Amino acid sequence: SAVLIMLYGLVEYILGIHMTIQGRLDSFFTSPNYVTMYLVPLTVLIFGYTLLECIQTRVGNSDLGMNKKLLLYYSVWLAFSFTTIFLTQSFGGWLGLAAGIFFLFVFIPQLSVKKALIIPFVFIALVGAGLLTHQKFYSHYDTFWQINSLQTRKELWLHSLALLSHNPI
């Protein structure tokens, strides 16, 4: 199902049709952020599975023994997923992806010093890719409500904290 969502979103983006917010891939969802909420967990899982299988195959402990066709499929899937997430221009999606991959590296067995040194660079690269999407908290201004994205998020968090302080359960 994720492949269909990615392909439809990419076709929609390339043709420039049926997008809720022009220039941001949203597939058939009503918001580009929903695409990332769907794809990021799957991307982290598939990336982690592929990485773990490659490590296990190299060591000789793999039950599945990832073959080259399966590795190619997962590599292409991940490339499409990263492209789709990038085109949503969802900075939160990239932060979620960076956090997921960071935790993957922390919990993958047989973590060597070399891999431990790579973790910060991967995290910085993913956050940097998110920044390249030009998605800023202050850039999306709603002319009807006369409020920007940062103000909206701030109001949401303040009201949520007020609700939690008055009714914690």
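One is the number of the first residue; the rest follow in order along the sequence. Note that the structure is a prediction, hence the values are computed from the model and not measured.
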Problem set entry | Reported CG-to-CG distance for the pair L158 and L163, which is rounded to 0.5 angstrom | 11.0 Å
Exercise. Say you draw a straight line from CD1 of I46 to CG of L39; how long is it, rounded to the nearest 0.5 Å?
Worked result: 9.5 Å
For this session: Answer with yes or no whether the hydrophobic clustering places V40 together with L45; edges join I, L, V, M, F, W, Y residues whose side-chain heavy atoms lie under 4.5 Å apart.
Result: no
Exercise. Within a radius of less than 6.0 Å around CZ of F80, do more than 12 heavy atoms belonging to other residues, nucleotides or ligands occur?
Worked result: no
Exercise. Taking R24 for the side chain and T88 for the main chain, is one N or O donor matched with an acceptor at less than 3.5 Å?
Worked result: yes
For this session: Can you measure from CG (L161) to OG (S165) and round to the nearest 0.5 angstrom?
Result: 7.5 Å
Exercise. For I21 and D26, what are the C-alpha separation, side-chain angles and deciding distance, and is it a side-chain contact (heavy atoms from CB on, under 4.5 Å)?
Worked result: CA-CA 8 Å; I21 302 171; D26 59 8; 5.9 Å; no
Problem set entry | Shortest non-hydrogen separation from W77 to L42 and the atoms involved | CH2-CB, 3.9 Å
Problem set entry | Chi angles and distances behind the side-chain contact (heavy atoms from CB on, under 4.5 Å) call for M6, S81 | CA-CA 7 Å; M6 290 186 286; S81 179; 3.8 Å; yes
Problem set entry | From L78 atom CG to T50 atom OG1, the distance as rounded to the nearest 0.5 Å | 5.5 Å
Exercise. How long is the gap from OH on Y13 to OG1 on T83, to the nearest 0.5 Å?
Worked result: 11.0 Å
For this session: Assess the side chains of Y38 and S1: does a donor N or O sit below 3.5 Å from an acceptor N or O?
Result: yes
Exercise. Atom CE of M37 and atom OG of S90: how far apart are they, to the nearest 0.5 Å?
Worked result: 9.5 Å
Problem set entry | Least distance between heavy atoms, V44 atom then L104 atom | O-CD1, 3.3 Å
For this session: Can you label the angle between the F28 ring and the Y8 ring as parallel, tilted or perpendicular, going by 30° and 60°?
Result: tilted
For this session: Would you kindly confirm whether Y73 and L51 end up in one hydrophobic cluster when ILVMFWY residues are joined by side chain heavy atoms under 4.5 Å apart?
Result: yes
Exercise. Are V76 and L10 joined in one hydrophobic group, where the rule is that I, L, V, M, F, W and Y side chains link up if heavy atoms are under 4.5 Å apart?
Worked result: yes
Seminar exercise, completed: All heavy atoms of I17 vs all of E12, minimum pair found to be O-CG, 2.6 Å
Problem set entry | Same apolar cluster: F82 and V11, side chain cutoff 4.5 Å | no
Exercise. Can you check side-chain contact (heavy atoms from CB on, under 4.5 Å) on L97 and I101, steps first, answer last?
Worked result: CA-CA 6 Å; L97 183 64; I101 290 178; 4.0 Å; yes
For this session: Compare all side-chain heavy atoms of F29 with those of I5 and state whether any distance is below 4.5 angstrom.
Result: yes
Problem set entry | Centroid-centroid distance, Y74 to F47, less than 6.0 Å | no
